[in-house]
Protein chains: 2
Amino acid sequence: MSDPKIRNMEGFAAVSGISRPTLSKYFNDPESVRKSTREKIEAALEKHDYRPNIYAVNQNRRQTKNIGLVVPNLTDPFFAGIARTIEGLIVKAGFNPLLLSSHGGPAQEITNLESLRSIKPAGVLLAPLGRASLEDQVAAFAGEVPTVLFDANLEGIGEAFFGSDNNQSINLIVDYLCRSGEPPVFFELKTPINPNACKRRTAYIAAMEKLGHEPHLIQVEGQGWNFEEIGFREGARILTKQKLPTNTILCSNDRLAIGLLSAAFENGIKVGLDASASLRIAGHDDHPFSRFTCPSLTTVSQDYDAIAARGVETILSLIESENRIERREETLFEGKLVMRGSA
Amino acid sequence: MSDPKIRNMEGFAAVSGISRPTLSKYFNDPESVRKSTREKIEAALEKHDYRPNIYAVNQNRRQTKNIGLVVPNLTDPFFAGIARTIEGLIVKAGFNPLLLSSHGGPAQEITNLESLRSIKPAGVLLAPLGRASLEDQVAAFAGEVPTVLFDANLEGIGEAFFGSDNNQSINLIVDYLCRSGEPPVFFELKTPINPNACKRRTAYIAAMEKLGHEPHLIQVEGQGWNFEEIGFREGARILTKQKLPTNTILCSNDRLAIGLLSAAFENGIKVGLDASASLRIAGHDDHPFSRFTCPSLTTVSQDYDAIAARGVETILSLIESENRIERREETLFEGKLVMRGSA
DNA sequence: GGCAATATTTTACGCGCGTAAAGAATATGA
DNA sequence: TCATATTCTTTACGCGCGTAAAATATTGCC
């Protein structure tokens with residue numbers, strides 16, 4: 001805001017009348033200097049627009065203020081949403097979030113961790129791809145940098161894991177579906193990449209058996225993260241070519257359900273609750289778009305505010321304590337039933 | 001991968017038998033050293049896993065290899081998709097992309113630029129919020145850091161702009177809609193935040209008049225980026241309470257159309273092309289979810305591969321040439337008609 | 001007003017690397 | 001083979017800041 005451009009802290013010391021070491025203290029923690037000097041510094045900052053060179057700072061600090069945040073796929077609004085929530089919490093804690101997406105690829109996931117390593121993050125929040133993850137390399141990274149997993153668990157990797165209680169949530173919706181109509185079949189990928197998908201499958205089977213129904217899995221071909229596409233393509237196949245044992249389909253996730261709903265529509269199959277409908281479809285996750293499907297999708301919402309909050313909390317305390325956690329913590333949060341038009 | 005951990009380039013010089021200045025040359029450009037020494041260095045890298053400290057490097061280089069990438073809203077899969085494409089191109093060029101989302105907020109947009117400033121990016125690719133952007137502050141930033149705009153234009157800000165030719169694309173779809181059925185009304189926000197929305201409105205009016213039809217705007221209330229929500233809420237209102245002059249609605253963007261389709265479905269209004277349908281709906285953008293709406297959404301796709309490619313190309317040449325462009329370039333790319341089931 | 005406690009200044013070094021200059025080594029070509 | 005052009009090594013300095021230690025200044029308190 002004023003005449004001579006200030007190039008470094010020395011220069012700012014000159015114009016502010018405060019010594020450089022004291023300024024350094026101030027920038028690391030404004031509360032650590034006397035109130036009167038703090039005011040002098042802040043008054044000078046108003047006029048002179050100086051900020052410490054972040055590279056010089058990070059070169060000398062023992063720890064950076066960076067926290068890495070890696071999600072499997074930012075193109076999925078579900079993860080974009082979580083990422084946004086987490087970023088907000090990190091900023092509020094005075095740290096600097098760095099968001100990276102693995103774009104569904106294991107190699108990219110490792111690349112992301114590698115590039116995080118070079119910025120020396122104080123900690124990392126990682127939502128791994130799951131089965132596709134190159135576990136050895138992820139584990140190696142987590143051995144060097146305090147890492148907390150969320151969304152998808154990799155056994156024994158990282159200091160903690162926060163995710164959804166698939167057992168509870170699948171139970172919830174299977175129970176609801178059975179109470180309100182015919183028991184559901186389970187629509188999923190044959191070879192799911194995500195551990196949550198596997199847990200949901202076994203949870204489905206257990207829930208059905210508990211209620212005295214025969215579980216029925218519909219496992220379709222499909223790779224990658226284009227779930228809507230798979231749900232649409234394979235959904236069309238099973239809806240037209242295959243005789244379903246019931247009129248109710250529970251999908252392993254909402255994105256599959258979105259594709260399936262679209263396939264049902266295209267094939268003139270009416271989905272919903274009223275008498276004229278011949279099919280019920282439910283999902284899992286409460287994807288941002290699930291409110292706008294036709295009909296709107298009945299599903300289970302994940303408590304991702306809680307997951308985000310606990311994840312950030314944990315990585316921060318890990319950073320604070322400067323050492324690793326004594327025992328790896330795994331916490332699962334309960335889902336909530338979201339009743340809409342499709343089931 | 002070997003015994004004594006290497007802490008700096010000095011240490012790596014010791015184990016590799018190459019002097020530090022030469023190593024420095026190598027890391028800045030492997031091709032700049034003789035082949036035989038390059039091989040020696042790379043052999044040593046295989047065994048010793050050393051990488052230059054990025055903070056020390058950036059402190060001393062005149063320019064970093066960072067390129068900022070700011071999008072208005074990562075929760076929108078459209079921007080997530082563009083961002084991914086652009087990131088890929090930046091990496092391929094040997095630079096380091098830094099992705100930030102403004103989350104629909106002008107203050108966040110400025111915060112993003114501020115935090116980019118502190119990492120001293122060589123250049124920035126910015127998709128601004130549009131009307132909501134705090135133009136003065138964006139302009140001030142663009143005055144300090146080479147900046148290229150895309151998606152939404154801010155007059156005179158940045159070295160160049162790449163976006164869609166809304167005039168052409170709206171013409172295209174209005175033309176198609178008129179040829180294939182009744183001329184469309186235009187469904188949009190009363191006070192759009194995005195300059196593209198304004199251009200689309202005037203393009204719609206011009207296209208209609210050119211074809212000898214009376215333009216008809218339906219402008220609904222609504223703020224923010226939750227377009228589906230607005231499309232759904234206001235769509236339900238106009239579909240039930242208002243007599244439309246035609247059976248065809250062109251939406252200002254796909255996300256509004258997705259909400260509107262959902263509203264039509266909820267109200268038992270059949271959308272599509274066949275005789276039994278009473279409404280046609282079209283959108284604009286070819287949003288990733290538009291293929292899976294019910295019915296699938298007829299729309300215009302933006303050529304965002306071209307936008308991404310030219311944007312990256314431009315910022316790179318700007319960085320290379322170390323100075324600003326002589327004349328601000330504005331390039332618009334044509335859209336393609338995507339015919340699906342809804343219109 | 002004087003003392004102890006606390007805060008600031010002064011001085012100095014180190015972080016890891018870019019880079020310039022001069023001399024030594026190596027490659028190139030006729 | 002030798003002269004020449006490249007490339008590398010050695011030496012040295014600087015980047016902007018963290019931080020330690022000792023000296024000095026300021027504050028709070030009785």
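Quick note on labels: first sequence line is chain A, next is B, and so on, each numbered from 1. Values in this document were obtained by computation on a predicted structure and should not be read as measured data.
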- request: Sugar-phosphate atoms are those with a prime plus P, OP1 and OP2; base atoms are the rest. Using that split, label each nucleotide of nucleotides 5-18 of chain C B, S or - for protein heavy atoms under 4.0 Å, 5' to 3'.
  value: --SSBBBB-BBBBB
field: All salt bridge (charged side-chain N to carboxylate O under 4.0 Å, His left out) counterparts of A/K35, not counting sequence neighbours
entry: A/E39
- prompt: What about the rings of A/Y304 and A/F78, do their centers lie closer together than 6.0 Å?
  reply: yes
query: What salt bridge (Lys or Arg N to Asp or Glu O under 4.0 Å) pairs are there with at least one residue in residues 60-72 of chain B, not counting sequence neighbours?
result: B/R62-B/E322
query: Who pairs with A/E114 by salt bridge (charged side-chain N to carboxylate O under 4.0 Å, His left out), at least two apart in sequence or on another chain?
result: A/R117, B/R51
message: Restricting to side chain to side chain donor-acceptor pair (under 3.5 Å), what partner residues turn up for B/S101, sequence neighbours left out?
response: B/H103
task: For this output row, return yes or no: ring centroids of A/F150 and A/F79 closer than 6.0 angstrom.
output: no
query: Between the two end axes of the helix from C/dG1-D/dC30 to C/dA30-D/dT1, each built from 5 base pairs, what angle do you get to the nearest 10°?
result: 10°
query: Centres of the B/F27 and B/Y50 rings: under 6.0 Å?
result: yes
